[in-house]
Every structure is written in structure tokens, then in C-alpha cells.
Amino acid sequence: MSIELAEVIVENGIVYRLGEHDLYYPDLGLPEGTDYNIGKYGLMRWEYL
């Protein structure tokens, strides 16, 4: 018995896309214009990662 799943669903204003293993993942992204100074500790964290 196979259930047909929707490719895209919207719930509470968030778009979810069907991914691997039939799991829904939120379709998230950063807004445009997010280039700002992250400071000394932000740069240190970025280099660590």
C-alpha cells in the first residue's frame, strides 16, 4: 500500500519540500542584504568552523 505524498506543503507560513526518505524539510534561506560586520568574535568563530 503506497501513499502519494505532496512535493511541497505550506504550514504556518513555512514552505516544506519533500526530501530523502519521505521527510519534509523546511525551505529556509537568508534574506537579501545580510552582509554586515560580524566583529572579532564572529570572525574567530567563522575561521574555527
Side-chain angles (χ1 to χ4, degrees):
M1 184 170 184
S2 170
I3 298 175
E4 204 52 43
L5 298 175
E7 187 71 27
V8 176
I9 61 172
V10 178
E11 196 167 300
N12 295 327
I14 301 174
V15 178
Y16 294 91
R17 297 198 183 275
L18 187 62
E20 294 182 33
H21 308 292
D22 294 335
L23 295 174
Y24 284 101
Y25 297 99
D27 190 14
L28 302 175
L30 291 175
E32 293 295 322
T34 55
D35 297 325
Y36 52 87
N37 187 2
I38 59 174
K40 174 185 175 182
Y41 295 105
L43 286 173
M44 290 171 60
R45 175 73 175 167
W46 180 69
E47 289 177 6
Y48 171 76
L49 294 176

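Residue indices begin at 1 and follow the sequence shown. Not measured: the values here are computed from a predicted model.
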Could you tabulate the donor-acceptor pairs under 3.5 Å formed by side-chain atoms of residues 15-29, not counting sequence neighbours?
from: Arg17; atom 1: NE; to: Asp27; atom 2: OD2; distance (Å): 3.2
from: Arg17; atom 1: NH2; to: Asp27; atom 2: OD2; distance (Å): 3.4
from: Tyr24; atom 1: OH; to: Ala6; atom 2: N; distance (Å): 3.3
from: Tyr24; atom 1: OH; to: Ala6; atom 2: O; distance (Å): 2.7

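Here salt bridge (charged side-chain N to carboxylate O under 4.0 Å, His left out) pairs that include residues 40-49, with residues two or more places apart or in two chains, number zero.
Summarising the hydrophobic clusters (Ile, Leu, Val, Met, Phe, Trp, Tyr; side-chain heavy atoms under 4.5 Å, direct or chained), the residues clustered with Trp46 are none.
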